[in-house]
Amino acid sequence: MSWNTDLDRFGDGVHVPAVRVHQLLGLALLTLAAASPAAETELSVVQVINFGQQPAWDAPWRFETVQRGSGSGFVIKGKRIMTNAHVVSWARQIIVRRYQDPRPYLAEVEFIAHDCDLAVLRIKDERFFEGIEPLEFGGLPKVRSTVVTYGYPAGGEEISYTRGVVSRIERQPYSHTGIRHFLACQTDAAINPGNSGGPVVQEDRVVGVAFQGMQGLENAGFFIPPPIIQHFLKDIEDGRYDGFPRVGIQLAGTQSPAYRSWLKLPDNGTGARVDRLLPICNKSGVLLEEDVLLRIGDYPVASDATILFEGNRVSAGVAFQLAQVGDTLPIQVWRDGKEISLQLPMEACEVDRAAGFQYDVLPRYFVHGGLVFTPLSLDFLRTAGIDAADPGHGELIYELRMRPTDDPRNARPEPVVLATVLPHEINANWSVRGRAMVDRINGVRIEKLEDVVRAFEQNRSDFDVVEFVPHHAVETLPRAKLAGANTEILSNYGIPSDRRL
Amino acid sequence: MNLRPVIFAAAALALAIAAAPTARAQSQPAQTPAAESPWTRSIVTLEVARKQYDFLQPWNTRNRSAVKTGIVIGPREVLTTAAEMFDRTLVRLQKDGAGEWWVGEVTWVDYHANLALVTTEAAAFWEGLEPVELRTAAADAALQIARWRQGNLELRRAEFTCYVVREAELSGINHVMLACDSDIVGLNGGEPLIANGHCAGLVTTQSGRACTVTPASLIRSILEARRQGAYRGLGYFHWFWQPAVNLDSLARLKLPGRPRGVIVIEVPERPDGAPTVMKVGDIILSIDGFEVDTSGNYRDPEFGRILIENLSTRGKWAGDESRLRVWRDGQELEVAYRLPKHEFTNALVPAARYDTPPEYLIVGGLVFVPLTDEFLQSWGPEWKRKAPFRLLYYRNQPRTREQPALILLSQMLPDPYNIGYQDQRLLVVQKVNGQPISRLSQIQQALQQPVQGYHQFEFMPGDAIKRLVVKAGEEETEATARVLKRYGIREARRLAD
């Protein structure tokens with residue numbers, strides 16, 4: 001009975017999201033034989049091939065091997081191609097292929113929205129758009145209505161169509177960052193790896209962008225519905241992507257008659273209670289704990305913390321997500337036994353982004369005496385093979401995912417880990433060899449990577465002292481040998497620079 | 001310190017295992033003793049019936065029975081391990097592997113030391129049983145594990161691996177264990193390790209071929225101290241240390257001479273409130289005259305190179321003093337450290353609470369229980385990975401004066417009284433009616449002071465709700481009665497204090 005409407009965090013502990021993005025593999029195809037769609041539509045559907053390269057988070061100066069990923073996309077107004085963010089993340093080169101056209105076209109990312117997994121691409125070669133009509137968007141499809149997906153899934157080279165019904169519409173985890181939930185449509189049309197970014201069409205209009213499947217569910221694919229797509233397109237109108245607003249509250253239902261009478265709330269099935277203000281967002285201070293949200297914008301809030309959105313009962317958090325950052329949303333609130341009207345500014349909140357997967361920004365690091373320091377991130381944990389539910393690394397996981405909201409007073413803005421120790425005579429006797437969270441260096445509490453650099457560079461004593469969490473394990477480096485060692489280590493391990501800050 | 005496994009102790013442990021034991025050669029090929037050897041008749045079988053609790057439904061009790069092995073070590077005295085002996089309802093003894101069962105009585109049990117003494121009033125049982133001497137195996141002795149199986153004595157050769165300091169089976173305490181390999185399968189604990197007709201130890205656990213044995217000298221020293229009235233339970237070192245293999249750390253602390261000792265990195269408050277004595281940055285050079293090497297080992301005359309944790313149980317008990325030489329602030333000094341008693345309640349999340357039925361409190365369908373390892377073990381054999389992350393996280397947090405223990409709202413037994421909260425569970429209680437909570441009795445007291453006719457429950461930050469309100473008074477009383485009736489629960493509470 002509790003909904004994380006805003007800080008879309010995780011079930012108790014276990015959270016490598018259940019949702020897995022289909023991108024590279026997959027076989028099954030259901031080709032649509034009957035009711036062939038309008039020929040113009042497939043002309044506008046493209047294959048997007050991304051030669052991407054991710055950094056190595058445990059050796060942040062290095063890149064992993066180039067991976068070829070393939071997804072789909074479609075042409076929209078303004079000579080843009082819409083696709084999924086995950087299709088074009090970490091791109092080194094993006095090639096777009098037209099329907100039954102052998103020529104590869106080079107594309108570039110114009111805007112990318114990792115939170116809602118959407119991107120638009122530009123193509124320089126004007127010839128690409130010859131004979132192609134941009135696809136128009138429709139509205140949110142009805143549940144039980146039929147949709148057709150277009151795309152270039154694995155298992156062949158040609159375009160593929162699959163047909164299905166809209167099974168349900170509700171808020172779902174978007175696995176690209178792993179920390180956000182938005183409105184999504186579930187369909188039984190086969191959505192397979194390679195379909196990602198392709199249009200979901202109803203009556204010649206795009207009513208969604210195929211984006212992910214879910215492990216353990218059969219005949220269930222998910223697509224991003226028009227309200228999220230339109231939000232993204234409107235957001236980038238000013239030339240910048242701000243993302244979805246975050247209010248920073250945890251809502252709970254008010255179905256308990258006891259709680260309702262405690263709050264003197266009429267017994268009419270409305271209202272969601274602000275159970276908790278999350279310290280990482282919620283800058284405006286308009287909402288207070290124990291406020292009951294009766295109406296958000298145009299949407300009355302029910303006592304199970306839902307709203308009725310175009311005929312679908314969805315989490316009340318959707319009402320906030322329909323607004324743009326910078327908007328002010330009128331809300332009706334039950335406070336101290338009476339109803340009041342408030343104006344809630346819609347704000348962006350980037351603070352918790354580190355808790356999710358990162359894209360297109362190279363990891364920061366600092367190498368000192370062979371010690372590789374980098375910010376703690378979900379990507380680092382994944383690279384280091386640390387399961388997000390592994391209590392053996394409980395401190396790292398708690399620090400990254402829970403302390404910012406559970407224990408904000410002791411939370412560090414950017415926890416830093418000793419990722420690894422590059423073997424050299426100077427550090428050969430260290431018993432802490434990496435994957436350890438840094439507490440203090442030379443007595444300075446490490447709140448962010450810059451503190452590491454400062455703590456080392458301002459030290460004038462004979463030794464550098466690094467303390468770790470938990471239990472304050474301590475290691476020492478002799479400063480007299482450092483200068484030579486640093487040069488040797490950078491050269492031995494082919495590290496172009498000792499830092500990326 | 002060994003409230004929880006210590007990463008650095010563990011690292012050192014690995015080294016200890018790798019180091020070849022100096023005081024011992026490989027065991028000789030097994031010899032089959034004559035069936036009539038007196039010691040063979042000293043091995044007895046125990047059958048233990050006990051209560052087994054369901055910690056998710058703590059009002060439920062099931063029965064469990066186990067068969068294990070013991071050995072006669074003195075007049076009317078059978079020694080076995082403490083495993084399966086808790087919450088017992090009946091203990092019976094059988095000799096010669098067959099025939100009559102005699103009702104036994106546990107005269108002493110120590111769950112930290114994992115030892116129990118059992119006797120029986122039946123004189124006939126003791127006829128023909130000769131006590132076996134507890135004695136450390138000679139370096140060249142052939143080792144055998146013995147037990148009765150289907151009426152015959154099963155003797156299997158065991159091969160000595162090493163002595164190692166390891167966490168005890170039923171408690172977080174670390175002490176010396178004998179590690180050996182054997183082909184014997186399905187050991188239940190208490191089987192004697194026989195060497196030259198003596199008992200060289202009792203098997204505690206088995207994993208594949210690897211067996212862990214509590215060595216005779218540790219058992220003997222505990223039993224002798226007990227006879228003399230000097231045994232007050234096992235003590236331990238209540239601090240965290242780190243190997244000083246990083247010689248630069250020793251240089252920074254200006255330790256003169258050759259590298260030695262380990263570095264104290266954290267000194268938590270003592271559970272008994274006594275002065276902590278040790279300081280962060282201390283280099284422990286020796287304990288009770290035994291020099292400490294940079295890996296945290298000392299050279300034990302009996303066990304060879306082994307972790308210093310063992311010095312807290314080597315002929316010393318809770319309340320005894322260990323004498324340490326430490327390097328502190330540029331000088332060497334002697335420190336007397338009084339060993340705190342190893343108690344389950346020393347941890348924020350206690351491992352267990354044996355011989356006491358689990359506590360609970362039901363208020364209108366809201367079920368409250370203490371957070372313990374036993375509760376978390378409801379998630380099955382892999383509970384340390386599968387139980388909820390946040391609950392596991394608390395296991396590594398320190399117990400403080402303000403928060404000595406944790407209480408959970410473990411589940412909701414659905415009733416009209418708690419409608420709207422049916423899905424709430426596994427919430428750590430922070431406050432009830434504004435009063436901080438770390439024991440069930442505090443909830444009961446707080447419920448005596450409702451706020452304007454309501455009870456307010458507040459929970460620790462988490463992914464679920466922070467606050468919950470139910471009605472106090474008659475509705476609450478009626479709901480509790482209704483829930484008890486509907487769910488077949490006899491009592492609304494079982495509190496220890």
Side-chain angles (χ1 to χ4, degrees), chain A residues 1-2 4 9-15 250 252-263 273 275-276 289-290 303-304 387-392 394-395 397-398 401-402 405-408 426-432 436 461-465 467-468 470-478, chain B residues 1 6-8 11-12 240-253 263 265-266 280-281 294-295 364 384-393 395-397 416-424 426 451-456 460-471 475:
Chain A
M1 204 200 56
S2 160
N4 292 321
R9 288 167 324 127
F10 335 99
D12 211 349
V14 191
H15 188 79
Q250 188 164 286
T254 55
Q255 293 148 310
S256 158
Y259 219 133
R260 293 192 79 89
S261 65
W262 163 256
L263 295 168
R273 184 172 57 82
D275 183 55
R276 189 175 170 206
E289 282 188 5
E290 296 296 82
S303 64
D304 60 350
D387 185 333
D390 181 359
E395 286 293 338
I397 296 159
Y398 187 84
R401 319 198 75 168
M402 293 158 191
T405 48
D406 284 12
D407 181 19
I426 198 169
N427 58 41
N429 282 327
W430 276 46
S431 45
V432 178
S461 74
D462 294 341
F463 297 99
D464 281 324
V465 183
E467 290 171 71
F468 299 92
H471 305 312
H472 307 101
V474 60
E475 297 283 5
T476 309
L477 275 186
Chain B
M1 163 143 188
V6 185
I7 46 170
F8 306 104
F240 292 91
W241 58 266
Q242 174 186 352
V245 289
N246 187 340
L247 306 185
D248 296 313
S249 292
L250 294 178
R252 174 173 57 83
L253 296 167
I263 301 169
I265 51 171
E266 189 176 317
V280 170
T294 53
S295 300
K384 285 184 182 173
R385 291 186 59 81
K386 292 191 169 169
F389 179 90
R390 277 175 201 277
L391 299 187
L392 290 172
Y393 180 75
R395 295 183 75 240
N396 294 318
Q397 298 310 301
Y417 174 76
N418 58 45
I419 201 158
Y421 303 130
Q422 301 91 325
D423 299 326
Q424 297 307 328
L426 304 175
V451 181
Q452 296 161 26
Y454 293 85
H455 294 312
Q456 282 185 307
M460 300 277 196
D463 301 316
I465 60 169
K466 180 181 168 184
R467 215 176 274 107
L468 183 155
V469 170
V470 289
K471 283 199 171 150
E475 279 186 57

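Letters A, B, ... are given to chains in the order of the sequence lines, protein chains preceding strands, and every chain is numbered from 1.
- B:Gln456 touches chain A through its side chain: at least one heavy atom from C-beta onward sits under 4.5 Å away, while N, CA, C and O do not.
- A:His471 and B:Phe240 have parallel rings, their planes meeting at less than 30° on a 0 to 90° scale where 60° marks the start of perpendicular.
- A donor-acceptor pair is defined here as one N or O able to donate and one able to accept, closer than 3.5 Å; such a pair exists between the side chain of A:Arg273 and the backbone of B:Arg467.
- Here the closest non-hydrogen pair linking A:Ala258 and B:Val469 is CB-O, 3.6 Å.
- For A:Asp407, the salt bridge (charged side-chain N to carboxylate O under 4.0 Å, His left out) partners are A:Arg403, not counting sequence neighbours.
- Looking at every heavy atom in both residues, B:Pro461 comes nearest to A:Arg276 through CB-NH2, 3.3 Å.
- Distance check, rounded to the nearest 0.5 Å: CD of B:Gln242 to CZ of A:Phe468 gives 8.5 Å.
- Counting heavy atoms from C-beta outward, B:Tyr393 and A:Ile397 have side chains that stay 4.5 Å or more apart.
- When each of B:Leu253, B:Ile265, B:Val280 is paired with A:Val474, the side chain to side chain contact (heavy atoms under 4.5 Å, CB included) condition holds for B:Ile265 and for no other.
- For B:Leu250, no part lies near chain A; criterion is any non-hydrogen pair under 4.5 Å.
- Of the atoms belonging to B:Leu247, heavy atoms from both backbone and side chain fall under 4.5 Å from chain A.
- Among A:Ile426, A:Val465, A:Leu263, A:Asn427, the residue making the largest number of heavy-atom pairs under 4.5 Å with chain B is A:Val465.
- Heavy atoms of A:Ser461 lying under 4.5 Å from chain B are absent altogether.
- Side chain of B:Asp248 to backbone of A:Leu477: no donor-acceptor contact under 3.5 angstrom is found.
- Side-chain atoms of B:Asn246 do not come within 3.5 Å of backbone N or O of A:Ser431 as any donor-acceptor pair.
- Looking at A:Phe463, only its side chain comes within 4.5 Å of chain B, counting heavy atoms on both sides.
- Using a 4.5 Å heavy-atom cutoff, the side chains of A:Met402 and B:Arg390 are in contact.
- Atom CD of B:Gln422 is separated from atom CD of A:Gln255 by 7.5 Å, given to the nearest 0.5 angstrom.
- Without hydrogens or angle criteria, A:Glu475 side chain to B:Ser249 main chain gives no donor-acceptor distance under 3.5 Å.
- Using a 4.5 Å cut-off between heavy atoms, B:Ala244 does not touch chain A at all.
- One finds the CG atom of B:Leu468 at 9.0 Å from the CG atom of A:Asp275 (value rounded to the nearest 0.5 Å).
- Contact record, B:Phe389 with A:Gly394: CZ-O, 3.5 Å, taken as the closest heavy-atom pair.
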